[in-house]
Amino acid sequence: MLRTHTCGELNKSLVNQSVTRCGWIDTIRDLGQGKFIVLRDRYGTTQIVTNPKSSQEVLETADLLKSEYVVQATGTVSERPSGQENSEMSTGEIELVVTDLQILNKSKLPPFLPNQRELPNEDLRLKHRYLDLRRPQMQKTMFSRSLITKSIRDYFERNDFIDIETPILGRSTPEGARDYLVPSRIQNGSFYALPQSPQIYKQIMMIAGYDRYVQIARCFRDEDLRADRQPEFTQLDMEMSFVDADDVIGMIDGLMKHLAKNILGIELTLPLPRMTYDEAMTRFGHDAPDLRFGMEIVDCTDLAAKSDFRVFKSVADAGNFVRAINAKGGAAKYSRKGIDQLTKFVQEDFGAKGLAWFRVEEDGTLFSPIAKNFAPELLEEFKQRMEGETGDLFLFVADTWEVSCKSLYGLRKRLGAELELYDPDDMNFSWIVEFPMFAHDEEEDRWDAMHHPFTAPRDEDLEFLASDPGRARAKAYDLVINGYEAGGGTIRIHDSETQSHVFSLLGLDEATARERFGFLLDALQYGAPPHGGIALGIDRIVMLFNKLDNIRDCITFPKTQKATDLMTDAPNAVDDVQLGELGIEIAKKEVARS
RNA sequence: GGCGCUGUAGCUCAAUUGGUUAGAGUACCGGACUGUCGAUCCGGUGGUUGCGAGUUCGAGUCUCGUCAGCGUCGCCA
């Protein structure tokens, strides 16, 4: 070992001992007769000092030091003179009076310094990720991530789960997200797919009798990126046999309590609250609502039908919806111009035709450019329904159920942040349950699986599979934290009769189903136990537990929005020899990257 | 694929209606200083304003294109 101690562990108990530490030069303060040099490693920082009594060799070496040099410093731990302690530093009571100083490696002047106050632009951080990862904030997140995965593994081990690895090279199935494909050299023209999730393998493991499976699994989806979405991400994937939805939910409840305590030091009360999908859509317009604040959606369709306002009336008469949110105290914050921006927002992002608004005035009356279309008594009814008070701003979307949900959800999320309706440090855990089995695809007039085609219907909804598929609810559950979908799971179908029924509803004929999922259908016929599970997004959990607002800060080497790794420049072009072995020719060279 | 924001010194940002030699802080380099800890003080280096066209007497500023980063909609069973 080149060191006896790290930079975070020196304290008064070591005074007068000779110790050796290694680290990076964080700062140098040169006072002429002596230098104060702060050395940094992942455990912390300590100050080392030179003075006129230092050896000539030490002084000469100290003169050569620059930012981010890697050094080895041996010296005597000394108490700092009275009044010179630094309470900001964990090692601030002591310093190291250096007796030997070695430069282990030099550093070019970095484009940015790990201790600089203003964060550089993200592209620069990603290009020089090794410098960015030296920043204490990034290190803190990575340690937190490590602690989270360790806690997860401990929890599942205590609960008799088996940690099992599943293949990365798998079979492509055209369901769901786009696959990342890997060409086969041995079988030219054939491709593996990287897993979007280990879904099918873990079901097979249940059939194989490994009744409690867990894996921290890397998953891949070739879709566009977002602040909370990367093409390559990590899931906590688990599956259990002989369980129903409550058992899986209960197991994850326990995990969340364990994590909240270990990572955040807070006690969660179990069970975590649950809300049905239908209730979430009605009250919040979304299946992953942020429950840290209110501002729920209020349905005013019946009132709208009584107005002379053509837009409201026609929408109501057509069987669509006039729904609203009340931005409490929002009238002051949103001027006409501000409301115009909100209108543009719902139009451009959610396809709403417009945004009607009312302001509650000082005298309690409602003001709006469209108010003249409403009888005074009707306005009063609106105010009552919206629980309006002076200074409130009502925002109405009159549209289809889907558009009103999306628009009001978007507005609620935006206004919640802009009006600071919640404490950013709050953590809200809840379940959304009883998702629909199917979503109707209007364009192609067919049913799509809301989750995946192996999801089991609720026992009491079995009959709807035949009579009214849109009414059938699934044994499905999503964990929502602060308005983010932290994960989702289902109880799976384990009998082939129900499975065939679902396939036929999805328009999958037997031959197609066999071609895509034959191995699973076969396996289901050899004694498949009732089973179900869940997958949680580890990156998102790290993000939420660390109060971060983007997932890239939780991943050591993330991709940009164009799915590039700025440090390695992946993806890159490969030479024709490599392509030739794979039997591949590029039809259209759009980008030639080196 | 759509919409929007951003791109100026190593870094973070300024630059009035289009108008003189594009500034500041920080970093860096040199000097001073025995207790600093965002050290301080003095001096200095540093720019093809992402790239390419166009409009104009004149473009960091306006227009078009393009590249990159970010946000978002579509998409993500």
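All values below come from the heavy atoms of this structure, side chains included, with hydrogens, waters and symmetry mates left out. Note on naming: letters A, B, ... go to the chains in the order of the sequence lines (proteins, then strands), and numbering restarts at 1 for each one.
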Legend entry - Proximity to the side chain of A:Ser67 - top-ranked nucleotide from B:U72, B:C28, B:C37: B:C28
Legend entry - Aromatic ring pairing A:Phe435/A:Tyr277, orientation class (parallel under 30°, perpendicular over 60°, tilted between): tilted
Inset, instruction - Just call it for A:Arg552: base, sugar-phosphate, or nothing, with non-hydrogen atoms closer than 4.0 Å on any strand. - result: sugar-phosphate
Legend entry - Pairing partner (Watson-Crick or G-U wobble, both distances under 3.5 angstrom) of B:G7: B:C67
Legend entry - Options B:G74, B:A68, B:G35, nucleotide nearest the side-chain atoms of A:Asp224: B:G74
Legend entry - Who pairs with B:C57 - Watson-Crick or G-U, where each distance is under 3.5 Å: B:G19
Inset, instruction - Measure from the side-chain heavy atoms of A:Pro52 and tell me the nearest of B:C37, B:C70, B:U34. - result: B:U34
Legend entry - Heavy atoms of other groups near A:Arg414 CZ, more than 12 under 6.0 Å: yes
Inset, instruction - If a protein heavy atom is under 4.0 Å from the base, mark B; if only from the sugar-phosphate, S; if neither, -; do that for nucleotides 38-44 of chain B going 5' to 3'. - result: BB-----
Inset, instruction - Report which part of the nucleic acid A:Lys35 touches: base, sugar-phosphate, or nothing (heavy-atom distance under 4.0 Å, all strands). - result: nothing
Inset, instruction - Would you mind classifying the nucleic acid contact of A:Gln196 as base, sugar-phosphate or nothing, using non-hydrogen atoms under 4.0 angstrom? - result: nothing
Legend entry - Spacing between A:Lys53 atom NZ and B:U34 atom P, to the nearest angstrom: 15 Å
Legend entry - Pair A:Glu223 + A:Arg229: basic N to acidic O under 4.0 Å: no
Inset, instruction - Return the nucleotide paired to B:C29: Watson-Crick means purine N1 to pyrimidine N3 with N6-O4 or O6-N4, wobble means G-U with N1-O2 and O6-N3, both under 3.5 Å. - result: B:G43
Inset, instruction - If the plane angle is over 60° it's perpendicular, under 30° parallel, otherwise tilted; pick one for A:His452 and A:Phe454. - result: tilted
Legend entry - Salt bridge flag under 4.0 Å for residues A:Lys337 and A:Asp340: no
Legend entry - Sugar-phosphate only, base, or nothing, as touched by A:Glu348 at under 4.0 Å among non-hydrogen atoms: sugar-phosphate
Inset, instruction - Give the nucleotide from the list B:G35, B:G71, B:A68 with an atom nearest to the side chain of A:Gln561. - result: B:G71
Mind listing the N/O atom pairs, protein and nucleotides 7-12 of chain B, below 3.5 Å?
unit_1 : atom_1 : unit_2   : atom_2 : d
B:G10  : O2'    : A:Pro111 : O      : 2.9
B:C11  : O4'    : A:Pro111 : O      : 3.4
B:C11  : O2'    : A:Gln116 : NE2    : 2.7
B:U12  : OP1    : A:Asn121 : N      : 2.5
B:U12  : OP1    : A:Asn121 : ND2    : 3.3
B:U12  : O2'    : A:Glu118 : OE2    : 3.3

Legend entry - Whichever of A:Asp448 and A:Lys66 has its nearest RNA chain B nucleotide further upstream toward 5': A:Lys66
Inset, instruction - Remember a base hit wins even if backbone is also touched, and classify A:Gln341 as base, sugar-phosphate or nothing at under 4.0 Å, heavy atoms. - result: nothing
Inset, instruction - Under 4.0 Å between any heavy atoms, over every strand shown, what does A:Thr173 touch: base, sugar-phosphate, or nothing? Just pick one. - result: nothing
Legend entry - Given B:C76, B:C37, B:C73, the nucleotide with the shortest approach to the side chain of A:Glu223: B:C76
Inset, instruction - For the pair A:Asp461 (side chain) and A:Phe464 (backbone), establish whether a donor and an acceptor sit closer than 3.5 Å, ignoring hydrogens and angles. - result: no
